[in-house]
Protein chains: 2
Amino acid sequence: MLAETRRRLLLDLITRQGYATLDSLVRELGVSDSTVRRDLEALDLAGSIKRTHGGAVYAGEVRSMPAFDDRTGTAAAEKRAIGATAAALIEDGDTVLLDGGTTTLEVARALVGRRVQVVTNSLPIAQLLAASQQTDLILLGGYIYPRTGVALGPLAIAAMQTIRVRTAILGAGGIVPEGVFNSNSLLVETERQMMRCGQEVMIVADHTKFGRMALARLCGLEEATSIVVDGGLREADRAMLDGAGLRVHVAQANDGRANGVPAETSRGERERNDV
Amino acid sequence: MLAETRRRLLLDLITRQGYATLDSLVRELGVSDSTVRRDLEALDLAGSIKRTHGGAVYAGEVRSMPAFDDRTGTAAAEKRAIGATAAALIEDGDTVLLDGGTTTLEVARALVGRRVQVVTNSLPIAQLLAASQQTDLILLGGYIYPRTGVALGPLAIAAMQTIRVRTAILGAGGIVPEGVFNSNSLLVETERQMMRCGQEVMIVADHTKFGRMALARLCGLEEATSIVVDGGLREADRAMLDGAGLRVHVAQANDGRANGVPAETSRGERERNDV
DNA sequence: ATGCTCCGTCAAAATCTTTCATGGTGCTTG
DNA sequence: CAAGCACCATGAAAGATTTTGACGGAGCAT
């Protein structure tokens, strides 16, 4: 094999994984360790990789190490599509209340740079939107729940009593015919108040949430106004939502860079309401 | 496993949970405790985490808000020393209110992993402490002031009316005989309420703040209880503070790894008040 | 005191660097 | 043309270095 080809292959292997042990590279290429060492040294000198004891790591962007993304990985593409679709339903100038959670965080991502007023009790969402010039951000205080970084409790509830928004966007831990559930009763308590703040209540949830229950019941299905789900929604669940009188928006996850055009809308047009 | 990979994994585990015991990390990675210790030490040195008794907590930089870094450069070492000294004056189990600002952010850094209850209106500080298991965090909500990431306004003030803390720690834009000044009147309004919340009021400010005025007067010197300054404090300013009846703590910035022992304390010992 | 954690030391294992031998390639030269 | 030679990439081995795991004593809080 040509030395140049071998090095390119080497770089490719390391880049793909983010790292590689010398041993694995020797086995992969079928050359001696000396050769691999020399190649790695050259690549290090060129700045493409960084040599470490026992192997090498990719020197460029920290492509967030595939192994580390496990948890976020659950229905990530679906969540992104849901976020884009939900954001597309928000008008410029609107006020939105965003609950905590990974799905609502995707909504926030899709809202970055939009001229909207966002109220949230989620620290990650606040962090995301604080830098934005266009977005007005109002943070709900309270006791910060360490695992998820959301503000809960009486302080958060009290703060919401003086706040009204056009749309309250809430996540869900589980959705069954009996209603919407979440895992934590303190969280549910706070979310109930959120629902009172919103002229409309939008639930965002990927299809895996359907048929699952969680600890605490947030509300009945009919208490929400609309829901955004991904394409994996089963027909029976769709019927259940329609039956409860919800506007159902199905987000298509086909293309990676979802452009946020809602793919499907049932039960009439949403009324325009520019400010 | 590659050492580099192991460290990244380690950092990821700690970042995810905010805190991890050494034991849990040993079990998770399947390596010896010595190795984990060494890795944690390296990560601590790099500033990514902070080593604690029996484990480690996340202490990484608060990214994605570049605006905050600009001012950090000024008197960075002094500020770190001030932070360490101020944190050393806080007892375990205490409740503390932390104002926004780069100096108070250093106080928060020094408090990471301590068993204290922190109330703050600063997004960066909240971000820093949200992960920590030992630290209870209560966030004050309100309109997020984009430039600095602090929550201000009526919502913040209202939230504080139900809160009492042992020590309120406030930053200052300028300190002159007429009192303590800050640059923004909305900020000052909020800070006034902070002072009412605290049994004691501690001002943290590096020596460059002395003799400088700012837009809005926060309070007279005598309204604060104590002040933490760095070693650059001039004699005349020291006399001014003493004259106002403040406890003055001078932070020594000599060693890089500030251990937080107050270098000098005037006007009596601080009284112990364990919970 | 007891249990837990931390720190320093040490030996074993893994890895790195250096050095040298081998074989192929291309050029020079008789 | 072909032998000789320098050159280079490669593989292998030896000694140096780093990393790792284990152990014992020190420090600290309960």
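Note on naming: letters A, B, ... go to the chains in the order of the sequence lines (proteins, then strands), and numbering restarts at 1 for each one.
- Per the geometry, CE belonging to Met1(B) stands 15 Å off C1' belonging to dG21(D), to the nearest Å.
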Please list, for nucleotides 22-25 of chain D, all pairs of protein and nucleotide N/O atoms separated by less than 3.5 Å.
from: dA22(D); atom 1: N7; to: Ser34(B); atom 2: OG; distance (Å): 3.2

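- Residues passing the side chain to side chain donor-acceptor pair (under 3.5 Å) test with Arg27(B), sequence neighbours excluded: Asp23(B).
- Residues meeting the side chain to side chain contact (heavy atoms under 4.5 Å, CB included) test with Asp99(A), sequence neighbours left out: Thr104(A), Asn121(A), Leu170(A), Leu187(A), Glu191(A), Met194(A).
- The distance from atom CG of Leu111(B) to atom NZ of Lys50(B), rounded to the nearest 0.5 Å, is 7.5 Å.
- For Glu235(B), there are no salt bridge (charged side-chain N to carboxylate O under 4.0 Å, His left out) partners at least two apart in sequence or on another chain.
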Every protein N/O within reach of nucleotides 16-18 of chain D N/O, cut-off under 3.5 Å:
from: dT18(D); atom 1: O3'; to: His53(A); atom 2: NE2; distance (Å): 3.4

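- By the side chain to side chain donor-acceptor pair (under 3.5 Å) test, Thr95(B) is found to be paired with no residue, residues two or more places apart in sequence or in another chain being considered.
- Using a cut-off of 4.0 Å between Lys/Arg side-chain N and Asp/Glu carboxylate O, Glu41(A) and Arg37(A) are scored as not salt-bridged.
- The side chain to side chain contact (heavy atoms under 4.5 Å, CB included) check on Ala56(A) picks up Ile14(A), Leu40(A), Ile49(A), with sequence neighbours excluded.
- Scanning for side chain to side chain contact (heavy atoms under 4.5 Å, CB included) contacts around Ala108(B) gives Leu98(B), Ile125(B), Leu128(B), Leu129(B), with sequence neighbours left out.
- Among the atoms of the strands shown, none is found under 4.0 Å from any heavy atom of Thr21(A).
- Taking atom CG of residue Asp39(B) and atom P of nucleotide dG21(D), one finds them 10 Å apart after rounding to whole Å.
- The side chain to side chain contact (heavy atoms under 4.5 Å, CB included) test applied to Arg6(B) returns Met1(B), Ala3(B), Leu29(B), Val31(B), Thr35(B), Asp39(B), not counting sequence neighbours.
- As a whole-Å value, the separation of Glu4(A) CD from dT10(D) P is 11 Å.
- Applying the side chain to side chain donor-acceptor pair (under 3.5 Å) test to Ser185(A) and every residue at least two apart in sequence or in another chain returns nothing.
- When DNA chain C is scanned 5' to 3' for any atom under 4.0 Å from a heavy atom of chain A, the first and last hits are dT15(C) to dT17(C).
- Between the CG atom of Leu40(B) and the P atom of dT20(D) there is a distance of 13 Å, given to the nearest Å.
- Applying the side chain to side chain donor-acceptor pair (under 3.5 Å) criterion to Arg192(A), with sequence neighbours excluded, gives no partner residue.
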